[in-house]
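It should be emphasised that the depicted structure is a prediction, and the values quoted were computed from it without experimental measurement. Letters A, B, ... are given to chains in the order of the sequence lines, protein chains preceding strands, and every chain is numbered from 1.
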Number of protein chains: 2
Amino acid sequence: MDKKSPIKFTLTERDESVTISKWVYETLRHAVMNGQILPGRALTIRELAGILGVSPMPVREALRQLATENALEIKDNRRVMVPNMTAMKFTELCEARMALESHAASRALPYIDSPKLKGLRELDRLIDAAQEEGNLERINLLNQDFHRALYTANPHQISMPLIESLWLQLGPFLSLASRHLKEHYVVDRHDEAMRAIENKDALALQLAINADIREGIAFVSTPERLHHFIEECAYAGRN
Amino acid sequence: MDKKSPIKFTLTERDESVTISKWVYETLRHAVMNGQILPGRALTIRELAGILGVSPMPVREALRQLATENALEIKDNRRVMVPNMTAMKFTELCEARMALESHAASRALPYIDSPKLKGLRELDRLIDAAQEEGNLERINLLNQDFHRALYTANPHQISMPLIESLWLQLGPFLSLASRHLKEHYVVDRHDEAMRAIENKDALALQLAINADIREGIAFVSTPERLHHFIEECAYAGRN
DNA sequence: TGAGTGTATTTGTGATCACGAAAGTAGTAG
DNA sequence: CTACTACTTTCGTGATCACAAATACACTCA
């Protein structure tokens, strides 16, 4: 039995046509983005390799890749862990999200044709359904899909990887924070965004996206709560 | 003798205290950002390992890391190369730079105290000196230093890695374009930025940064020239 | 001369091993 | 009970090897 809290994350079956490296990378990436690995928890190559049933090699590469997008942190000890959150870092990440995503949304707007609009409406509908059944994990996944679908409507878009880096950095903390919260104020500014898209109103779209981001993380945004969750977060990764 | 054009890039001496992986990564990253490796050129692990005098292992990791920040591209063939530029991609990169960097600048503004201001002035002075002697490579390096010093004045800043990813993607093309240009319209909006900083005027600073970025790459911004350089660029990487 | 074909070479991938450094453990002295 | 030390284990790093896929090359046939 491990003295450390065991690591658990979603294991998707590997498609034979994809390299082991890529599969490991995407599995770990998904785990981090959806907060399945707690901040502060030390990750070792051999342990992950054992869980995933592969040799240490692909895991090494995946950890390094995740570190370069700041999803993981390689400390001086050469230990790899999910970074801890600070109040200021949290603020900066949210502000960066608003700046980048509102920009990406407005640059995608001209490319949203009727089928793409339909796809967004469908995602919006699925989110509403998931909210009724209170499936928080599903809501988060669908919310990501909605934003991703919007931004990647621009075929020349280059900012999605940057945005995902921010999602990766926020994921573990937001997951932990929402886990310790009884009531979830799930805000849905997507209707507002949809209207802006239909009207081809870039400014209104930017405002809707900013509101969606700001309110989507507002449940921790009061200074006291933020501080509380950061403490909580630091404790969770204690061992 | 190689049939392919040989790869040449700056080789800094390795500090023994730093891991080989890190040294290789930073060496290759510097080479890409400053356009020492042409777009379209196929990079092989063993070739780079030979040049750097290390085993293939650290090179593999470095190439993967650079690929995750979109500095390199791993094609379906599993071949690694510097991505080719397109007109739309170029536009998107520039727009993203303006959105991200003006944001980073305004969020750094409150943290710029007197010693940091002095440091920025010194960099500005060095840039002027480099301009007089027409040392284009030195101008570019110092210009990067100026922007980096400005944005990282914010101790909680998290957008510098994202910004550098954009620099990495623009580097090879800008280098190639400027290399094929007789006259260089080196613009210097730094004075304007410095005044905005002194006045603690966030909006003016954002405008100055945007102008600096826009004009710094304006020498290729006419559609015909852009198209011309893209052709040139594609040809350079032919073999 | 040019397109197709077989072989030889080179490539990325992934596993394994050796080594030094870091962390964990037990024992001892204060 | 606490602080220090010696020992054991575990870890990341980097080199090497085996293998399959992709590429390059020489050759043949139209």
Side-chain angles (χ1 to χ4, degrees), chain A residues 1-7 11 13-28 37 40-68 71-83 237-239, chain B residues 1-7 11 13-28 37 40-68 71-83 237-239:
Chain A
M1 186 57 96
D2 289 317
K3 266 148 292 184
K4 314 232 174 196
S5 56
I7 302 183
L11 280 178
E13 196 174 355
R14 187 169 84 84
D15 181 354
E16 292 296 333
S17 70
V18 93
T19 62
I20 294 183
S21 269
K22 194 168 192 171
W23 174 72
V24 169
Y25 167 68
E26 281 165 2
T27 301
L28 294 179
I37 303 179
R41 175 67 155 85
L43 301 178
T44 67
I45 294 176
R46 285 173 169 91
E47 181 186 13
L48 292 174
I51 296 175
L52 295 165
V54 299
S55 89
M57 179 79 43
V59 179
R60 269 165 68 169
E61 292 179 340
L63 292 184
R64 265 197 207 291
Q65 285 177 267
L66 291 169
T68 67
L72 298 177
E73 181 186 7
I74 300 184
K75 313 203 68 168
D76 298 333
N77 334 341
R78 296 175 170 177
R79 269 259 150 74
V80 179
M81 51 179 268
V82 177
R238 192 64 55 82
N239 65 353
Chain B
M1 186 58 93
D2 289 318
K3 268 148 289 182
K4 314 232 170 194
S5 57
I7 303 183
L11 280 177
E13 196 174 355
R14 186 170 83 83
D15 180 352
E16 292 296 330
S17 70
V18 94
T19 62
I20 295 184
S21 269
K22 193 167 193 173
W23 173 72
V24 170
Y25 167 67
E26 281 165 2
T27 300
L28 293 179
I37 303 179
R41 175 67 154 85
L43 301 178
T44 67
I45 294 177
R46 286 173 170 89
E47 180 185 14
L48 292 174
I51 296 176
L52 295 165
V54 298
S55 89
M57 179 77 46
V59 178
R60 267 165 68 170
E61 293 180 339
L63 292 184
R64 267 207 159 61
Q65 287 177 264
L66 290 169
T68 68
L72 298 177
E73 183 184 5
I74 300 183
K75 315 203 68 168
D76 299 333
N77 336 338
R78 296 176 171 175
R79 269 255 148 76
V80 179
M81 51 177 270
V82 177
R238 192 64 56 82
N239 65 355

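Taking each heavy atom of A:Ala42 and A:Glu47 in turn, the nearest pair found is O-OE1, 4.4 Å.
There is no side-chain donor-acceptor pair under 3.5 Å between A:Thr68 and B:Gln65.
We find that B:Arg64 and B:Glu73 are not joined by a salt bridge, their nearest charged nitrogen and carboxylate oxygen being 4.0 Å or further apart. A:Glu16 has a carboxylate O that lies under 4.0 Å from a charged side-chain N of A:Arg14, or vice versa, which qualifies the two as a salt bridge.
Atom pair A:Tyr25:OH and C:dT13:P shows a separation of 15 Å (rounding to whole Å applied).
Put simply, the residue from A:Ile74, A:Ile45, A:Thr44 that forms a side-chain contact (heavy atoms from CB on, under 4.5 Å) with A:Leu63 is A:Ile45.
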Contact list (N/O, under 3.5 angstrom) for nucleotides 11-15 of chain D vs protein:
from	atom 1	to	atom 2	distance (Å)
D:dG12	OP1	A:Ile45	N	3.1
D:dG12	OP2	A:Ile45	N	3.1
D:dG12	N7	A:Arg46	NH1	2.7
D:dG12	O6	A:Arg46	NH2	3.3
D:dG14	OP1	B:Ile20	N	2.5
D:dG14	OP2	B:Ser21	N	3.3
D:dG14	OP2	B:Ser21	OG	3.1
D:dG14	N7	A:Arg60	NH1	2.8
D:dG14	N7	A:Arg60	NH2	2.8
D:dG14	O6	A:Arg60	NH1	3.2
D:dA15	OP2	B:Ser55	N	3.1
D:dA15	OP2	B:Ser55	OG	2.2
D:dA15	O5'	B:Ser55	OG	3.4

